[in-house]
A.B. asks: 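Once you've had a glance at the structure underneath, I'll fire off some questions.
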Protein chains: 2
Amino acid sequence: MADGRAADAGVADVGVAVGSAADVGVAVGSVADGTVPDRLTPRAREIATAARTLLEESGPAALTLRALADRLGIKAPSLYKHFPDKHAVEVELIAQMLEESAAALEAAEARAPGSVEALAEAYRTYAIDHPHLYCLATERPLPRAALPAGLEDRAAMPLMRVCGGDIDLARSVWAFAHGMVILEIHGRFPNDADLAAAWKRGLKAFHP
Amino acid sequence: MADGRAADAGVADVGVAVGSAADVGVAVGSVADGTVPDRLTPRAREIATAARTLLEESGPAALTLRALADRLGIKAPSLYKHFPDKHAVEVELIAQMLEESAAALEAAEARAPGSVEALAEAYRTYAIDHPHLYCLATERPLPRAALPAGLEDRAAMPLMRVCGGDIDLARSVWAFAHGMVILEIHGRFPNDADLAAAWKRGLKAFHP
DNA sequence: GGCATGAGGCTAACGATGTTAGCCACTCAC
DNA sequence: GTGAGTGGCTAACATCGTTAGCCTCATGCC
């Protein structure tokens, strides 16, 4: 057993992010100009953008510090002036994924309030459009302490609302959706499987 | 996008395993003595056993060719006399996982015919008892060509049967179960989450 | 003007990883 | 007895994340 398990918070749990802002590459960003406080230095954001392109275009194996540095026209060790280690870069990508999928779910909710189907469609679409990013953010314990406070909850709230606060229902719908998406991404279903039908069947089951 | 997607067969698809038995370390095993044909040479089986111990006790990062060789009292390059590469060792572990979980599901089915709950319980128990092995076998495209013929189908049949042949239902129940298990393994649920309740709620939803 | 400081590059190098090449010893069938 | 596996070995390579230590330049301060 050993690792593989992690701890704390999830759906409907208040995110207790206490990451120190004094870490390398982490700037609180001047709030004076009315801007939302940024997690990252401008240069660090460029690096994260390049990392994301690398990951999304070529998969996790291609996300190498040397390849990342190459793409930016610098050498690998220079990256350590902006991030403490590779994991920190990945954490930023995970935060991006959580934010974007939260936004996608909120948009779907606004478009069709109370519709599980709309939420599921948005969830699936986002994941399938960013398979490597989805896997990166999903197939390991959440680095909760390093994530913006409340982000995890924000991503979970639309589903919680549509489930009318039934947390067991919300968790099982989440598990179903994640299972469908991750099995599809990894090619576990037959090529010719009618996944739309499986989604429909599953969502029908969960219906009130 | 790029990789991350794979192909072919899944639930209820006939496994088309055509792996050549002439590969390094692969012995067909004398059938003369009435033994089931073995995938592996005796020494290769020892190596696989050590690899499994390493994986299950210390996680995927600890499954290193040098660590594996150490545990066997030999040097890393010697492993190549028995397996063509590290991936082949992992494939053997994946095959073990599929066989054992298939057996667990069959046993559950025999114990409580027609019960989705019994199947789900068996699935969850096996996965949680072998989290690293479950992840190894599950979080990447199935190496179908290198797996024993029919194994994938055997693992899927109990669920197919209990779903009365409704393939869409079988796929969504599978997605639900996999999602629950993998999210639990990765610590995505809150520490104090009542997962039994979530399982119950999900299975109730899928009930006829 | 002079200068300290910090930001952001660089090279060289380390240890760990998977993997290859090439060598050697032992067993055993003919 | 000998030739052919079988199953070890050492040395080495490329690549990975990472560290140490140096250099350059812009900026702000006296």
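Every chain is numbered from 1, with letters handed out A, B, ... down the list of sequences.
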A.B. asks: In whole Å, what is the span from the CG atom of A:Leu72 to the C1' atom of C:dG8?
C.D. replies: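 Those two atoms, CG and C1', are 13 Å apart.
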A.B. asks: Ignoring hydrogens and angles, tell me if any N or O in the side chain of B:Arg140 forms a donor-acceptor pair with the backbone of B:Leu136 under 3.5 Å.
C.D. replies: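 Present.
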A.B. asks: What's the NZ-P distance between A:Lys75 and D:dT18, to the nearest Å?
C.D. replies: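 In whole Å, D:dT18 P lies 19 Å from A:Lys75 NZ.
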A.B. asks: Quick one: label B:Leu79 by what it contacts on the DNA or RNA (base, sugar-phosphate, nothing), any heavy atom closer than 4.0 Å.
C.D. replies: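 Nothing: the residue B:Leu79, judged by heavy atoms under 4.0 Å, touches no strand.
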A.B. asks: In whole Å, I'd like the distance from the CG atom of B:Asp70 to the C1' atom of D:dG8.
C.D. replies: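 Interatomic distance, CG of B:Asp70 to C1' of D:dG8: 15 Å.
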A.B. asks: Tabulated below should be each protein N or O lying under 3.5 Å from an N or O of nucleotides 4-7 of chain D; please produce it.
C.D. replies:
unit_1: D:dG7; atom_1: N7; unit_2: B:Lys81; atom_2: NZ; d: 3.4

A.B. asks: Does A:Arg45 use its side chain to pair, donor to acceptor, with the backbone of A:Leu40 at less than 3.5 Å?
C.D. replies: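 It does hold such a pair.
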A.B. asks: Taking only nitrogen or oxygen atoms into account, show me every contact under 3.5 Å that the protein makes with nucleotides 19-21 of chain C, one pair per line with its distance.
C.D. replies:
unit_1: C:dT19; atom_1: OP2; unit_2: B:Tyr80; atom_2: OH; d: 2.9
unit_1: C:dT19; atom_1: OP2; unit_2: B:Lys86; atom_2: N; d: 2.9
unit_1: C:dT19; atom_1: O5'; unit_2: B:Tyr80; atom_2: OH; d: 3.0

A.B. asks: Does B:Lys200 use its side chain to pair, donor to acceptor, with the backbone of A:Asp168 at less than 3.5 Å?
C.D. replies: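 No.
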A.B. asks: In terms of ring plane angle, is the pair A:Trp174 and B:Phe189 parallel, tilted or perpendicular, where the classes change at 30° and 60°?
C.D. replies: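 Correct class here is perpendicular.
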A.B. asks: Between the side chains of B:Glu46 and B:Arg43, is the shortest nitrogen-to-carboxylate-oxygen separation below 4.0 Å, so that they form an ion pair?
C.D. replies: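 Result for this pair is yes, salt bridge flagged.
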A.B. asks: How many Å lie between CZ on B:Phe83 and P on C:dG18, as a whole number?
C.D. replies: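 Going from CZ in B:Phe83 over to P in C:dG18 covers 15 Å.
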A.B. asks: B:Phe176 vs B:Trp199 aromatic rings, parallel, tilted or perpendicular, using cut-offs 30° and 60°?
C.D. replies: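 Plane angle over 60°, so perpendicular.
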A.B. asks: Please report, rounded to the nearest Å, how far the P atom of C:dT17 is from the CG atom of B:Leu54.
C.D. replies: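 After rounding, the reported distance stands at 11 Å.
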A.B. asks: Rounded to the nearest Å, what distance is computed from the CG atom of residue A:Leu68 to the P atom of nucleotide D:dT15?
C.D. replies: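 Interatomic distance, CG of A:Leu68 to P of D:dT15: 17 Å.
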A.B. asks: Hey, is A:Arg111 close enough to A:Glu121 for a salt bridge, meaning N to O under 4.0 Å?
C.D. replies: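 Salt bridge flag = no for A:Glu121 with A:Arg111.
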A.B. asks: Categorize B:Leu63 for me: base, sugar-phosphate, or nothing, with a 4.0 angstrom heavy-atom threshold over every strand shown.
C.D. replies: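 The answer is sugar-phosphate, as B:Leu63 gets under 4.0 Å only of primed atoms, P, OP1 or OP2.
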A.B. asks: Using only atom types and a distance under 3.5 Å, with no angle test, would you say the side chain of B:Ser58 pairs donor to acceptor with the backbone of B:Leu55?
C.D. replies: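 No; zero donor-acceptor contacts below 3.5 Å.
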A.B. asks: Between A:Ser101 and A:Leu98, is there a donor-acceptor pair closer than 3.5 Å when you use the side chain of the first and the backbone of the second?
C.D. replies: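 Looks like yes, one N/O pair under 3.5 Å.
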